[in-house]
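Okay, so here's the structure we're looking at.
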Amino acid sequence: MKNNYLIYLAPSIIFRVKANTIQSLCQYKYLSSFYKDHYYLALTPLKGYKLTQLFKNASNLKFIPKGILNINLPNFFYRETFNSFYQLINCLTIFLKLKVSNPKNSLYIYSRSTIASYFLSVLNIRHVFEVHNLEKNRLIDFMQKVILETQNVNKVFISSKLKKLALSKNNNKTLGRLIVAPDSSPSYSSIDFAEVNINKKVREFLFDETSLKCIYAGSSGDGRGIELLLTIARRLPNI
């Protein structure tokens, strides 16, 4: 019998709640609901309660996904390169294992790792690559260019501007199948909001009881989605 599996290649090592950890865990949580079995490949120095609490705080995920490796190494090794090679090796291992057990098995690979995606592209293994920016480092830029030009890789851009920049950089060559999808975010229930008065907390933080303000903290370079924030701001002139 044919089964569908998901492998999610996380963007970074899991060690604290940060923006890309929240975003990737929320993506994984949503995507995993469509598959029989699923893996979230990433390294972490955390274990036990600390890891469980991080997942809960970042995404309301109530289980630790398969594929996370707890490993204690010198700080030098806690780099994205090391994480990427761990992801690549395990992704290929799972891929081969599933195909050997049943050639009809279907494997869906969603990648946020440029290095891992580069090697998957060279091996012509079908997967999805999420593009967050155009790389500046010459080696990583070369890898990203190979990924973008590989027809067997479906691309997800986080903004329309980034898609246009990528097409322009590649002389408007066809990049195969691609879509634009702004970053995902956590979904909350009324119970979650009942636990904290959001308006009160925001006003306390801003020291202003007369009006509600919204602050964006993050990068605003080309293709990072600032145009979406400006559109929202124009529609909400009182905030």
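Note that the structure is predicted; figures quoted are calculated from it, not measured.
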A side-chain contact here means heavy atoms from C-beta on lying under 4.5 Å apart; do R126 and N154 qualify? yes
Considering all heavy atoms, the nearest N105-L98 contact: ND2-O, 3.0 Å
Is it the case that the side chain of T150 and the backbone of V146 share a donor-acceptor pair, with hydrogens and angles ignored and the cut-off at 3.5 Å? yes
Using a distance-only test with no angle check, is there a side-chain donor-acceptor pair under 3.5 angstrom linking S12 and N20? yes
Stepwise side-chain contact (heavy atoms from CB on, under 4.5 Å) test for H132 and Q23: CA-CA 12 Å; H132 273 244; Q23 198 262 338; 4.2 Å; yes
Rounded to the nearest 0.5 Å, the CG atom of L43 sits from the CD1 atom of I13 at a distance of 5.5 Å
Could you tell me which residues satisfy side chain to side chain contact (heavy atoms under 4.5 Å, CB included) with I140, sequence neighbours excluded, listed by chain and number? T114, I115, E135, N137, M143
Stepwise side-chain contact (heavy atoms from CB on, under 4.5 Å) test for K47 and I71: CA-CA 9 Å; K47 58 183 177 180; I71 185 168; over 6 Å; no
Decide whether V156 and Y30 are clustered together by the hydrophobic rule: side chain heavy atoms of Ile, Leu, Val, Met, Phe, Trp, Tyr closer than 4.5 Å, transitively. yes
Interatomic distance, CD@Q151 vs OG@S121, rounded to 0.5 Å, equals 11.0 Å
I147 and L139: same hydrophobic cluster, using ILVMFWY side-chain contacts below 4.5 Å? yes
Gap separating the OG1 atom of T21 from the CG atom of N57, nearest 0.5 angstrom: 12.0 Å
For K56, which residues count as a side chain to side chain contact (heavy atoms under 4.5 Å, CB included) partner, sequence neighbours excluded? Q53
Under the 3.5 angstrom rule, does the side chain of S111 hit a backbone N or O of S113 as a donor-acceptor pair? yes
More than 12 heavy atoms of other residues, nucleotides or ligands under 6.0 Å from NZ of K50: is that the case? no
Of all the heavy-atom pairs spanning I64 and T52, show the shortest one and how long it is. CD1-CA, 3.9 Å
Joint hydrophobic cluster, L9 plus I89, side-chain heavy atoms closer than 4.5 Å: no
Under a 4.5 Å cut-off applied to non-hydrogen side-chain atoms, are K161 and L165 in contact? yes
Do V100 and I125 belong to the same hydrophobic cluster, where Ile, Leu, Val, Met, Phe, Trp and Tyr are linked whenever their side-chain heavy atoms lie under 4.5 Å apart, directly or via other members? no
Applying side-chain hydrogen bond (donor to acceptor under 3.5 Å, both in side chains), name anything that partners N133, two or more places apart in sequence or on another chain. none
Residues in side chain to side chain contact (heavy atoms under 4.5 Å, CB included) contact with R16, at least two apart in sequence or another chain: K18
Does K66 have any salt bridge (Lys or Arg N to Asp or Glu O under 4.0 Å) partners at least two apart in sequence or in another chain, and if so, which? D37
Residue set satisfying side-chain hydrogen bond (donor to acceptor under 3.5 Å, both in side chains) with Y40, at least two apart, ordered chain then number -> S24
Name all pairs fulfilling the ring pair (Phe, Tyr, Trp, His ring centres under 6.0 Å) condition that reach into residues 45-66, sequence neighbours left out, sorted by first residue then second. none
Are V153 and V128 packed together at the side-chain level, in the sense that at least one heavy-atom pair is separated by less than 4.5 angstrom? no
Using modelled atom types only, decide if a donor and an acceptor are shared between the side chain of N70 and the backbone of L46 within a distance under 3.5 Å. yes
Across all chains, not counting sequence neighbours, the ring-ring contact (aromatic ring centres under 6.0 Å, His included) partners of Y35 are Y108
Looking only at heavy atoms, which two atoms of F129 and S117 are closest? And how far apart? CD1-OG, 3.2 Å
Does any part of the side chain of L148, heavy atoms only, come nearer than 4.5 Å to the side chain of V131, both counted from C-beta? yes
What's the shortest heavy-atom distance between V180 and S159, and which atoms? CG1-C, 3.5 Å
Run the side-chain contact (heavy atoms from CB on, under 4.5 Å) test on T44 and L51 for me, step by step, so that the C-alpha distance in whole Å, both residues' side-chain angles and the decisive distance to 0.1 Å come before the verdict. CA-CA 8 Å; T44 182; L51 187 59; 4.0 Å; yes
Considering only residues two or more places apart or on different chains, which pairs with a residue in residues 109-124 satisfy salt bridge (Lys or Arg N to Asp or Glu O under 4.0 Å)? R112-E130
Which residues pass the ring-ring contact (aromatic ring centres under 6.0 Å, His included) test with F95, sequence neighbours left out? none
Would a 4.5 Å heavy-atom cut-off, applied to side chains only, mark L92 and L123 as touching? yes
Considering only heavy atoms from C-beta outward, does the side chain of Y110 approach that of I7 to under 4.5 Å? no
Do the side chain of Q87 and the main chain of A10 share a donor and acceptor less than 3.5 angstrom apart? yes
According to side chain to side chain contact (heavy atoms under 4.5 Å, CB included), who are the partners of S32, at least two apart in sequence or on a separate chain? L6, Y28, H38
Pairwise side-chain contact, L41 with C91, heavy-atom cut-off 4.5 Å (strictly under): yes
What are the two closest non-hydrogen atoms of A58 and L25, and how far apart are they? CB-CD1, 3.7 Å
What closest approach, in Å, do L54 and F15 show between heavy atoms, and which atom pair accounts for it? CD1-C, 3.9 Å
Quick one: does L230's side chain get under 4.5 Å of R234's, heavy atoms only? yes
Salt bridge (Lys or Arg N to Asp or Glu O under 4.0 Å) contacts touching residues 148-158 (sequence neighbours left out): K145-E149, E149-K173
